[in-house]
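Here is the structure we will look at.
Note that these values count all heavy atoms, side chains included, but never hydrogens, waters or copies made by symmetry.
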Amino acid sequence: MMGFSWKLFYLFGILFWGFSQRWRTVESNGGSFSCGYPAIYNFGDSNSDTGGISAAMFEILSPNGETFFGHPAGRACDGRLIIDFIAENLKLPYLSAYLDSVGTNFRHGANFATGGSSIRPPGYSPFNIWVQISQFIQFKARTTSLYNQLTLNRRNPLTISNLPRPAEFSQALYTIDIGQNDLAHGFQYTTVKQVLASIPDIIGQLPQVIHTLYNEGARFFWVHNTGPIGCLPVSVLYEISKPWNLDKNGCVRLQNEVAMEFNRQLKDMISQLRAQLPFARFTYVDVYSAKYTLVSDAKNLGFVEAVNFCCGNCTKKGMANGTVYGNPCNHPSKHISWDGIHYSQAANMWVAERILNGSFSDPPLSIQSACHNQTTIL
């Protein structure tokens, strides 16, 4: 009987070790456990596009990329985006855009985000969230098939070094940052009342998106809400002559109220998904609050007023009425806004530092430990 007990103990020990290896959970120097995600798959718009729209439709030119990359890098920014800081934090390479066929490496994930994308079509871009999901499904199927073929045929000259590992799709982190363009498009072509009325339908698209990814093996979701669109200089400039429409920080009050309602419904939707998919793990990230905090305290944090942007018409250079457009300011790191719509690298870094540690997340866990927020069984 004693021998049988020891055999059971040994067997459970082997099983525990196997599960721990499967989750790639490792202890950090601080004694906490890191999820060790092997890859990131990102879906979104220009806030997290690392080269998709630039490869597919129109090239993002200099001075974009000048601060960090030293050249245009497919990002509507002078340097890195929040998704880049996420990759750095998880010690993974920067994500290659799915639509960029030049020099791509998908070993540790892929980026399906494209500038102008929205949840609902039509919008500013044809690459809405459903197109991105379709691209991911095809990407997963084709890379899995190719990986399996190459591992069986070792004489094949092609290499698998740039391909994702099929088993790692269920261990990867799935990041979603989209919705701002749905609101912006509505503000541009309809009324605030109509935009508010459209939110349930916009948010209502996302559960099917998540279920589709879940059925493809996704288990770990990191979902950003939408930022304070009313604080973007491009929004404020249209209302600057109507100070009664601005809040104490100079942001367009009604637009931010709509963004907050969008975020409230998004958070409720995430809560419902937790009940529907108990084996998935969801982190709702309050990017809105982090960005609004930055805007509210810009001067004390070393930035110029949030309404000022560094580079006007950064997508192309030209001259109008004696003013040269496309030339950046001398100190981009002093600006929250890079081009009136997108944040500067300095602002992205500030926001990333605050959301990655879990300060603005539900549940309040860092991105490195977010896989522990629920019990998950595959």
Side-chain angles (χ1 to χ4, degrees), residues 34-55 59-100 102-117 132 162 164 172-178 180 220-224 226-227 283 285 287 290-291 294 310-311 314 328 332-333 335-339 341-361 366-368 370:
S34 172
C35 297
Y37 305 109
I40 303 170
Y41 294 98
N42 181 65
F43 306 86
D45 51 33
S46 58
N47 289 313
S48 60
D49 181 3
T50 57
I53 204 69
S54 188
E59 184 181 3
I60 294 180
L61 303 172
S62 62
N64 290 283
E66 66 168 22
T67 297
F68 182 78
F69 299 100
H71 56 80
R75 294 154 172 81
C77 180
D78 61 308
R80 290 162 290 180
L81 309 177
I82 290 176
I83 189 66
D84 294 313
F85 292 111
I86 289 176
E88 287 184 6
N89 185 278
L90 298 178
K91 295 179 170 44
L92 294 173
Y94 299 135
L95 292 184
S96 294
Y98 169 75
L99 294 171
D100 189 356
V102 179
T104 51
N105 185 335
F106 297 123
R107 171 65 184 88
H108 294 288
N111 193 354
F112 298 89
T114 51
S117 293
Q132 294 180 30
N162 289 348
L173 179 67
Y174 291 77
T175 53
I176 300 174
D177 186 346
I178 197 167
Q180 179 175 307
F220 307 112
F221 298 92
W222 180 269
V223 184
H224 289 185
T226 198
T283 303
V285 187
V287 173
K291 288 184 173 180
L294 174 59
C310 178
C311 184
C314 289
S333 63
H335 287 74
I336 290 175
S337 178
W338 166 241
D339 59 8
I341 298 175
H342 307 100
Y343 282 56
S344 68
Q345 173 179 266
N348 285 330
M349 180 184 294
W350 191 95
V351 173
E353 288 173 349
R354 276 131 191 100
I355 64 172
L356 294 178
N357 65 13
S359 297
F360 290 88
S361 298
S366 73
I367 194 169
Q368 291 196 3

Output, in order, the C-alpha distance, side-chain angles, deciding distance and verdict of side chain to side chain contact (heavy atoms under 4.5 Å, CB included) for W350 and Q345. CA-CA 9 Å; W350 191 95; Q345 173 179 266; over 6 Å; no
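- By the 30° and 60° cut-offs, the orientation of the rings of F221 relative to Y174 is tilted.
- Every side chain to side chain donor-acceptor pair (under 3.5 Å) that T175 has, sequence neighbours left out, goes to N42.
- The closest donor-acceptor contact from the side chain of H108 to the backbone of P38 lies under 3.5 Å.
- Residues that satisfy the salt bridge (Lys or Arg N to Asp or Glu O under 4.0 Å) test with R107, not counting sequence neighbours, are E168.
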Carefully, step by step, assess I355 and H224 under the rule side chain to side chain contact (heavy atoms under 4.5 Å, CB included). CA-CA 10 Å; I355 64 172; H224 289 185; 3.9 Å; yes
Assess whether side chain to side chain donor-acceptor pair (under 3.5 Å) is satisfied between S337 and H342, documenting all intermediate values. CA-CA 6 Å; S337 178; H342 307 100; over 6 Å; no
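- Here CG of D78 is found 9.0 Å from SG of C311. Values are rounded to the nearest 0.5 Å.
- Among residues two or more places apart in sequence or in another chain, the ring pair (Phe, Tyr, Trp, His ring centres under 6.0 Å) test is passed with F360 by none.
- With a 4.5 Å cut-off on side-chain heavy atoms, W338 and P63 count as touching.
- For D84, the salt bridge (Lys or Arg N to Asp or Glu O under 4.0 Å) partners at least two apart in sequence or on another chain are R75.
- Partners of T283 under the side chain to side chain donor-acceptor pair (under 3.5 Å) rule, at least two apart in sequence or in another chain, are N373.
- Residue G79 comes nearest to F68 through the heavy atom pair CA-CB, 3.9 Å, listed as atom of the first residue, atom of the second, then distance.
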N162 and T104: side chain to side chain contact (heavy atoms under 4.5 Å, CB included), yes or no, with the steps? CA-CA 8 Å; N162 289 348; T104 51; over 6 Å; no
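- Among residues two or more places apart in sequence or in another chain, the side-chain contact (heavy atoms from CB on, under 4.5 Å) test is passed with N89 by L356, I367, Q368.
- Checked against side chain to side chain donor-acceptor pair (under 3.5 Å), H335 has no partners two or more places apart in sequence or in another chain.
- Here the OG-CD1 distance, from S48 to I83, works out to 6.0 Å after rounding to the nearest 0.5 Å.
- Every residue two or more places apart in sequence or in another chain was checked for a side chain to side chain donor-acceptor pair (under 3.5 Å) with S344, and none qualifies.
- In this model, a donor atom of one side chain and an acceptor atom of the other lie less than 3.5 Å apart for N111 and T50.
- Side-chain atoms of D45 and S117 include no donor-acceptor pair closer than 3.5 Å.
- Expressed to the nearest 0.5 Å, how far OH of Y41 lies from CD of Q132 amounts to 15.0 Å.
- At a threshold of 4.5 Å between non-hydrogen side-chain atoms, the residues I82 and M349 do not count as touching.
- Qualifying ring pair (Phe, Tyr, Trp, His ring centres under 6.0 Å) partners for F69, counting only residues two or more places apart in sequence or in other chains: none.
- Taking CG of L81 as the reference point, atom CG of N348 lies at 5.5 Å (rounded to 0.5 Å).
- Not counting sequence neighbours, the partners of S333 by the side-chain contact (heavy atoms from CB on, under 4.5 Å) test are A346.
- Between atom CD of residue E66 and atom SG of residue C77 there is a gap of 10.0 Å, rounded to the nearest 0.5 Å.
- Of all heavy-atom pairs between L61 and P72, the closest is C-CG, 3.6 Å.
- Take E353 and apply the salt bridge (Lys or Arg N to Asp or Glu O under 4.0 Å) test, not counting sequence neighbours, and it matches no residue.
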Intermediate values then yes/no, side chain to side chain contact (heavy atoms under 4.5 Å, CB included), L173 and L90: CA-CA 10 Å; L173 179 67; L90 298 178; 3.9 Å; yes
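- Between A55 and L99, the closest heavy-atom pair is CB-O, 3.7 Å.
- If you check the side chains of D177 and W222, you find no donor sitting under 3.5 Å from an acceptor.
- Using a 4.5 Å cut-off on side-chain heavy atoms (C-beta onward), I40 and I86 make contact.
- Taking all atoms of both residues into account, the shortest heavy-atom contact from I341 to D339 is N-OD1, 3.0 Å.
- For Y343, there are no ring pair (Phe, Tyr, Trp, His ring centres under 6.0 Å) partners at least two apart in sequence or on another chain.
- Across all non-hydrogen atoms, the minimal contact from G51 to A97 is C-CB, 3.5 Å.
- Residues V351 and K291 share a closest heavy-atom pair of CG2-CG, 3.9 Å.
- Not one N or O on the side chain of T114 forms a donor-acceptor pair closer than 3.5 Å with the backbone of I53.
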